[in-house]
Number of protein chains: 2
Amino acid sequence: MASIKDVAAEAGVSVATVSRVLNGHPSVSADARARVLAAVEALGYRPNAVARSLRTDETRTLGLVISDVMNPYFTELARSVEEEARALGYSVVIGNADERPELQDHHVRTLLDRRIDGLLVSPTDGGSPLMLDAARAGTPMVFVDRWIPGVDVPVVRADGRAAVRDLVAHLHRLGHRRLAIIAGPAATTTGSERVEAFREALAEFGLPLPDVCIGQGDFQAESGRRVTERFLDLPEPPEVVFAADNLMALGALDAVRARGLRIPDDIALAAFDDIPWFVHTDPPITAIAQPTGELGRAAVRALVDRIEGRPPQSVALPARLVVRRSCGEPGEGTPAQSPVPAQSPVQRSKP
Amino acid sequence: MASIKDVAAEAGVSVATVSRVLNGHPSVSADARARVLAAVEALGYRPNAVARSLRTDETRTLGLVISDVMNPYFTELARSVEEEARALGYSVVIGNADERPELQDHHVRTLLDRRIDGLLVSPTDGGSPLMLDAARAGTPMVFVDRWIPGVDVPVVRADGRAAVRDLVAHLHRLGHRRLAIIAGPAATTTGSERVEAFREALAEFGLPLPDVCIGQGDFQAESGRRVTERFLDLPEPPEVVFAADNLMALGALDAVRARGLRIPDDIALAAFDDIPWFVHTDPPITAIAQPTGELGRAAVRALVDRIEGRPPQSVALPARLVVRRSCGEPGEGTPAQSPVPAQSPVQRSKP
DNA sequence: CTGAAAGCGCTTACAG
DNA sequence: CTGAAAGCGCTTACAG
């Protein structure tokens, strides 16, 4: 592969001059520039980014460590991150932690070794020493979706409180009183915050959240299935299951179907995270939608601000409730107090 | 960040010795080794992969350029690619072409600039000069899923011919005679091969495939919707729509639902690619499943073989038909000639 | 077993 | 405007 030396020889100039024209440095004669460009063209020369990075100490690359690529929510997040990064002149390399702390560490380490300019992470756990050290050592970092309290790192996330409250109001209106939740890992902020928001909303409506109605999941489908089976085995099973993410909702669906039960007649289901398939499931699933694309873009902007020396900003964007049919139709249970208009199935929460 | 020089100073040896212990070179005294390791620990030293790559001319990184990350099929492919690569000591950086040739080129160029050791690609089109030049210039490359004819690059893919034939047999048995397909771009092998396999299978059953029954999609949901609407507007609409990938099936579902039509009563639907959600749609969707994880792993093995100087092998793994309810139940149409047992909804094609 | 030195492909003060 | 030279952080023949 042609190097800068070859180009210099071909153009009859020094490598310094070649470097200058390649980097748009102003002080190059038109003649030299033309000869260099011609040589570049003739040799099909492409600068070696590895060498450049070693010299400039920047890779124009962002690392993104997410908890689970197979989760459509994170896939979409990754996509919007890449788009915004590309627009700002950065590449992104993705590490999939698969909800496993040791895999998360593997990726953080690899990314750091490659000297990425900054790190976007959605932590799988409370934060490993490796990650915390990197943050303290000054590696530009921002948390996205999930975060770690007590660390001085900007956070870009959705605020689901109002939407969860809207969901509980919706369930209450339909006459449901015994509600259960499939929670995410307590070590993650999204894991604990969603349970808390749910508990608070229930309290507001005078409803209890007994321990047997809190199932411990891990944000993956299999755990949703397992927890749902336990719910169904209860002497007094819940009337509603709220899955704290879309994959656990998929697992719950599997479990319900395996028992030959029907939604919402036998049991109602709602999910945190909205995905295109929820429109087509049997029945369509009521969900809380995050502004995923916006989150990804905001996270990149915050990280690049940090990298380029501008003060980065934390962001919290409101999630919103999307009512479908998996919790019952207004009128099926207690008469609806404020019926959802059939024409507009999307109900926005007021931020 | 500590460099190898700092470690050498701390340990009281030369950088050469530090390098040797880090790389497991045998000729280092136990004493020197111990001192180096202690210094590494004390300083929290991590080798700079950028510098190492420049020197050794290898990055231990694979590039993966896929057509669309948001497609669950490719997400799963990417995941299995990363797993196998990691097992073999490589990282992978993913480029999402989003079915856009110019984006594909952008990623190929970026990856090449970064001097990845090898490239895995699922081409979005017939192949750009950039990609073909890279292949000719000797960049280790393997095609996965889609490929480009006439280029000397190993191919790892699924063979869907038998499964498509099984699907058509299934449809015929159910009494369907007027079948349509939402095809992928003709410039992609999967785009054209699936239409061809479908056409051949139809011919075998004496069924025509008129031009109006071939809709041109681009493997993304929106095109599935558009094409389906056109089918539905036909004076004599098809009885079955076969979507050549799962996203176009999603679009078809949207279109059918928007018209208030029911599946399979008003129109039947089948898809190439199987995904977990197909079990839960209304109704569950009959699909052709690819051995996605196996494809990803085989592709990585082929590429690494090529990189490390072993002869790489092309691979074609059989896809299989998974019968669900979206095309009707046996007995609904013409009496089933060989009914699908209700107990086992999964029917394997014989390779 | 060990170290001094060259060199990977760039960029960038420094002189001119 | 231009080039010679230093140096980024490593690895690896080459001598000893």
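So you know, we letter chains A, B, ... as the sequences are listed, proteins then strands, and number each from 1.
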Student: Okay, side chain of B:T110, backbone of B:H106: is any donor-acceptor separation there less than 3.5 Å?
Tutor: yes
Student: Would you confirm whether B:D245, through its side chain, and B:L247, through its main-chain N or O, come within 3.5 Å as a donor-acceptor pair?
Tutor: yes
Student: Which residues satisfy the salt bridge (Lys or Arg N to Asp or Glu O under 4.0 Å) test with B:E99, sequence neighbours excluded?
Tutor: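 If we apply the salt bridge (Lys or Arg N to Asp or Glu O under 4.0 Å) test to B:E99, skipping adjacent residues, the hits are B:R146.
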Student: Between B:V28 and B:T56, which has a closest nucleotide on DNA chain C that is more 5'?
Tutor: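 Looking at the nearest nucleotide for each, B:V28 comes out on the 5' side.
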Student: Using the salt bridge (Lys or Arg N to Asp or Glu O under 4.0 Å) criterion, which residues pair with B:E84? Sequence neighbours excluded.
Tutor: B:R301
Student: Determine yes or no for a side-chain-to-main-chain donor-acceptor pair under 3.5 angstrom, with A:T61 supplying the side chain and A:V92 the backbone.
Tutor: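 Flag not set: sc A:T61 to bb A:V92 has no pair under 3.5 Å.
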Student: Does A:Y73 offer a backbone N or O that forms a donor-acceptor pair with the side chain of A:N71 under 3.5 Å?
Tutor: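 Yes; judged by distance alone, with no hydrogens or angles, the pair exists.
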Student: Is A:S27 touching bases, backbone alone, or none of the nucleic acid, heavy atoms closer than 4.0 Å?
Tutor: base
Student: Please, which pairs that meet side-chain hydrogen bond (donor to acceptor under 3.5 Å, both in side chains) have at least one residue in residues 305-314 of chain B, sequence neighbours excluded?
Tutor: B:Y90-B:E308, B:D305-B:R310, B:E308-B:R310
Student: What residues form a salt bridge (Lys or Arg N to Asp or Glu O under 4.0 Å) with B:E83, not counting sequence neighbours?
Tutor: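 Once residues adjacent in sequence are excluded, the partners of B:E83 under the salt bridge (Lys or Arg N to Asp or Glu O under 4.0 Å) criterion are B:R79.
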Student: Using a 4.0 Å cut-off to any heavy atom of chain B, which nucleotides of DNA chain C are the first and last in contact, reading 5' to 3'?
Tutor: C:dC1 to C:dG9
Student: Under the side chain to side chain donor-acceptor pair (under 3.5 Å) rule, collect the residues that match up with A:R297, sequence neighbours excluded.
Tutor: A:E294
Student: Taking the nucleotide of DNA chain C with the nearest heavy atom to each, does A:K5 or B:G12 sit closer to the 5' end?
Tutor: B:G12
Student: Any salt bridge (charged side-chain N to carboxylate O under 4.0 Å, His left out) involving residues 123-135 of chain A? Give me the pairs, sequence neighbours left out, ordered by first then second residue.
Tutor: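 Qualifying pairs, neighbours excluded: A:D133-A:R136.
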Student: Stem ranges for DNA chain C, with three or more consecutive Watson-Crick or G-U pairs under 3.5 Å?
Tutor: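 Stems found: C:1-3 with D:14-16, C:5-12 with D:5-12, C:14-16 with D:1-3.
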Student: Assess the side chains of A:S91 and B:R114: does a donor N or O sit below 3.5 Å from an acceptor N or O?
Tutor: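 There is such a pair between these side chains.
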Student: Would you jot down, in residue-number order, the residues of residues 14-26 of chain A having a non-hydrogen atom under 4.0 Å from DNA chain C?
Tutor: A:A16, A:S19, A:R20, A:N23
Student: Return each pair, listed once, that meets side-chain hydrogen bond (donor to acceptor under 3.5 Å, both in side chains) where at least one residue sits in residues 31-51 of chain A; pairs must be two or more places apart or across chains.
Tutor: A:D31-A:R35, A:R46-B:D113
Student: Tell me which residues in residues 29-51 of chain B put a heavy atom below 4.0 Å from DNA chain C, sorted by number, or none.
Tutor: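 DNA chain C contact set from residues 29-51 of chain B: B:S29, B:A32.
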Student: Does B:R86 have any salt bridge (Lys or Arg N to Asp or Glu O under 4.0 Å) partners at least two apart in sequence or in another chain, and if so, which?
Tutor: B:E82
